[in-house]
Protein chains: 2
Amino acid sequence: MNARATKKTENLAERIYLQLKQDIFDFRLMPGDRFSENEIAERMGVSRTPVREALFRLQREAYVDVLYRSGWQVKPFDFKYFEELYDVRTILECAAVRKLCEHDGELSKLDDLVSQWCVPSEQRLDDGPVVSGMDERFHEKLVEAAGNSEMARIHHDLTERLRIIRRLDFTKPPRVDATYNEHQAVLEAILHRRVEQAQILLRAHIEESRNEVRKITVHMLHEASARSQLHSVEASSIDRIDG
Amino acid sequence: MNARATKKTENLAERIYLQLKQDIFDFRLMPGDRFSENEIAERMGVSRTPVREALFRLQREAYVDVLYRSGWQVKPFDFKYFEELYDVRTILECAAVRKLCEHDGELSKLDDLVSQWCVPSEQRLDDGPVVSGMDERFHEKLVEAAGNSEMARIHHDLTERLRIIRRLDFTKPPRVDATYNEHQAVLEAILHRRVEQAQILLRAHIEESRNEVRKITVHMLHEASARSQLHSVEASSIDRIDG
DNA sequence: GCACACCTTTCTGTATACAAGTTGGTATGC
DNA sequence: GCATACCAACTTGTATACAGAAAGGTGTGC
């Protein structure tokens, strides 16, 4: 009877974790920002214990760093890091596509994706953030369909880590439309068991998204840099951003 | 001046973490075993705080599970899980080999590996555990040489998780010798930029190791099962082991 | 003898107290 | 005026105290 009564009280640490991650994603906590456990605890109205638990999780996921007895820091942006993540993502997804194409039985697992992406242009959605989320799910479902749950888990982790910059894609309608076309082409290639073609298409699709994000990120960070200099903040975070 | 004075006192939580992992690896903590934070804390002579930190890390690495307000449990063996890890490992290593073969410049990064593995048979080592460790490093260095540090990190995680069953390989001299031959063949194929051949050889090498471990694991777990039934322990952990 | 309810114990989740160390500012000596 | 040393405030790391919930044993009613 108390199954839904305890709907919210469970997992204080989890709540802090999600909140902090959202703060980082929304740039309320900027790359390079330093803060203490007490600050967070007071701001969230909890004790240090769940805050520390949340911070350790974020540290393990490479969002923050602990400075020995001298506070925490939001990890500065590192382009090389994101490039590498994109790279691994491509490798895993191409492997998933190969598994799917070489799979003997039906590919009914892909039905959902087909009905979502292979639609006439008038039925296509055009809301940037919505399509961005759909794009994430497309790639995740592709890997899940390959049947290796550990591969799917690792790919999911990559997706999480890339989200902070990936959602900068889909800010322009042409990218939304291109995404529909590219997903459709990939799905058709898989359904026709054309391994090489499907991999080439997928690789190209990810590469385009990556390039788009790369452009936007550079732009965005230059703006952030300008803001920082305006506020005469010490430029430590920006140094590393540009570096 | 106190740089080396604080050699050991640092990181109590880290120490507990390593100790617990070792306990799991050495089967002092058997799959399915249940325990509480207090038990560990008292046994290690510390408070619950660092124990909890260590347990959360182990939980994230899929070694243990927390049962809501009812203790912790060493994760039961799951063959499917290890099979999947092997699979992802193969995918990453094959991708690394491709990168290496398609790399334009010199492959001097592989010099260390060549000098270690491409030796006449009288210079080969034959101590099982030693070669097992060398084998781990061989595969890790192969991926590191590909130049993507995130890929290397993920591969390293896989290696860690697989170690508990992987070291069961190399218990017989023929496997040691075969490992030398196979590593040598892989390296030569890479140095000659034969992508396909290198991948096929590597895939076969991992597959052989996997099969060997599979056989030994089944044997070992049947023994554990027999022991458990002898002690008339409830068979929960063994059920999942065989299942 | 069986079933159900209560109660005690034990568990994790959270808050707080204490210890050890770093940092930055200030005061003092020159 | 500058450099150095000391001190106070603040930080994380660790230990302990408390709260709420789950589990298992025990006792009672039938």
Side-chain angles (χ1 to χ4, degrees), chain A residues 1-20 29 32-75 232-234 236-237, chain B residues 1-20 29 32-75 232-234 236-237:
Chain A
M1 63 182 77
N2 59 353
R4 65 187 136 190
T6 58
K7 56 188 172 183
K8 217 173 179 180
T9 54
E10 300 189 71
N11 267 0
L12 239 179
E14 172 86 6
R15 207 192 74 198
I16 310 289
Y17 163 78
L18 291 172
Q19 180 65 52
L20 281 175
L29 284 174
D33 277 1
R34 290 177 67 164
F35 58 91
S36 76
E37 297 171 0
N38 271 323
E39 271 177 58
I40 308 293
E42 282 171 26
R43 182 148 63 84
M44 307 266 193
V46 298
S47 81
R48 276 177 56 215
T49 308
V51 170
R52 279 172 63 81
E53 193 181 321
L55 285 173
F56 286 135
R57 282 183 65 180
L58 290 169
Q59 178 187 30
R60 211 181 146 60
E61 293 170 16
Y63 290 109
V64 299
D65 269 331
V66 58
L67 288 67
Y68 188 62
R69 278 186 211 280
S70 143
W72 293 74
Q73 181 180 38
V74 183
K75 267 214 174 179
S232 72
V233 170
E234 74 166 80
S236 71
S237 72
Chain B
M1 62 181 79
N2 61 351
R4 67 187 135 191
T6 58
K7 56 187 171 183
K8 216 174 178 180
T9 53
E10 301 188 70
N11 266 2
L12 239 178
E14 172 87 5
R15 206 192 74 198
I16 311 289
Y17 163 79
L18 291 172
Q19 180 66 50
L20 281 175
L29 284 174
D33 277 1
R34 291 177 65 164
F35 59 91
S36 76
E37 297 172 1
N38 272 323
E39 272 177 58
I40 307 294
E42 282 172 27
R43 182 149 63 84
M44 307 266 194
V46 298
S47 80
R48 276 177 56 214
T49 308
V51 170
R52 280 171 62 81
E53 193 180 322
L55 285 174
F56 287 135
R57 283 184 64 180
L58 290 168
Q59 180 187 30
R60 204 172 154 66
E61 293 169 18
Y63 290 109
V64 299
D65 269 332
V66 58
L67 288 68
Y68 188 63
R69 279 185 211 278
S70 142
W72 293 75
Q73 182 180 39
V74 183
K75 268 213 173 180
S232 71
V233 170
E234 76 166 79
S236 71
S237 72

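Heavy-atom basis, side chains included; hydrogens, waters and symmetry copies ignored. All chains are named by letter (A, B, ...) in the order of the sequence lines, taking the proteins before the strands, and each is independently numbered beginning at 1.
- We find the CG-CD distance between B:D33 and B:Q73 to be 8.5 Å, quoted to the nearest 0.5 Å.
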For a quick test of your reading: what N or O donor-acceptor pairs under 3.5 Å do the side chains of residues 52-59 of chain A make, sequence neighbours left out?
{"from": "A:R52", "atom 1": "NH1", "to": "A:E37", "atom 2": "OE1", "distance (Å)": "3.4"}
{"from": "A:R52", "atom 1": "NH1", "to": "A:E37", "atom 2": "OE2", "distance (Å)": "2.9"}
{"from": "A:R57", "atom 1": "NH1", "to": "A:E14", "atom 2": "OE1", "distance (Å)": "2.8"}

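- Picking from C:dT14, D:dT12, C:dG13 the nucleotide with the shortest atom distance to the side chain of A:V66 gives D:dT12.
- Of the residues in residues 46-62 of chain B, those lying under 4.0 Å from DNA chain C by heavy-atom distance are B:R48, B:R52.
- Between B:L67 atom CG and D:dA23 atom P there is a gap of 9 Å when expressed in whole angstrom units.
- Within the structure, no pair that satisfies the salt bridge (Lys or Arg N to Asp or Glu O under 4.0 Å) test touches residues 64-75 of chain B, not counting sequence neighbours.
- To the nearest angstrom, P of D:dT12 lies 13 Å from CG of A:D65.
- In this structure, B:S70 and B:R34 have side chains that are in contact, with non-hydrogen atoms separated by less than 4.5 Å.
- Once rounded to the nearest 0.5 Å, the distance linking OH of A:Y17 with CG of A:L12 reads 16.0 Å.
- In this structure, B:E14 places its CD atom 14 Å from C1' of D:dG13, rounding to the nearest Å.
- Atom P of nucleotide D:dG13 and atom CZ of B:R15 are separated by 16 Å, given to the nearest angstrom.
- Between A:N11 atom CG and D:dG20 atom P there is a gap of 17 Å when expressed in whole angstrom units.
- Rounding to the nearest 0.5 Å gives a distance of 6.0 Å between CZ of A:R48 and CG of A:N38.
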Short heteroatom pairs, N/O only, protein and nucleotides 8-11 of chain C, under 3.5 Å:
{"from": "C:dC11", "atom 1": "O3'", "to": "B:G71", "atom 2": "N", "distance (Å)": "3.2"}

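- Residues passing the side chain to side chain donor-acceptor pair (under 3.5 Å) test with B:R60: none are found, sequence neighbours excluded.
- Once rounded to the nearest 0.5 Å, the distance linking CD1 of A:I40 with CG of A:L29 reads 6.0 Å.
- Atoms CG (A:L12) and P (D:dC18) sit 20 Å apart, rounded to a whole Å.
- Legend: residues meeting side chain to side chain donor-acceptor pair (under 3.5 Å) with A:S36, ordered by chain and number and at least two apart, are absent.
- Between the OH atom of A:Y68 and the P atom of D:dG13 there is a distance of 7 Å, given to the nearest Å.
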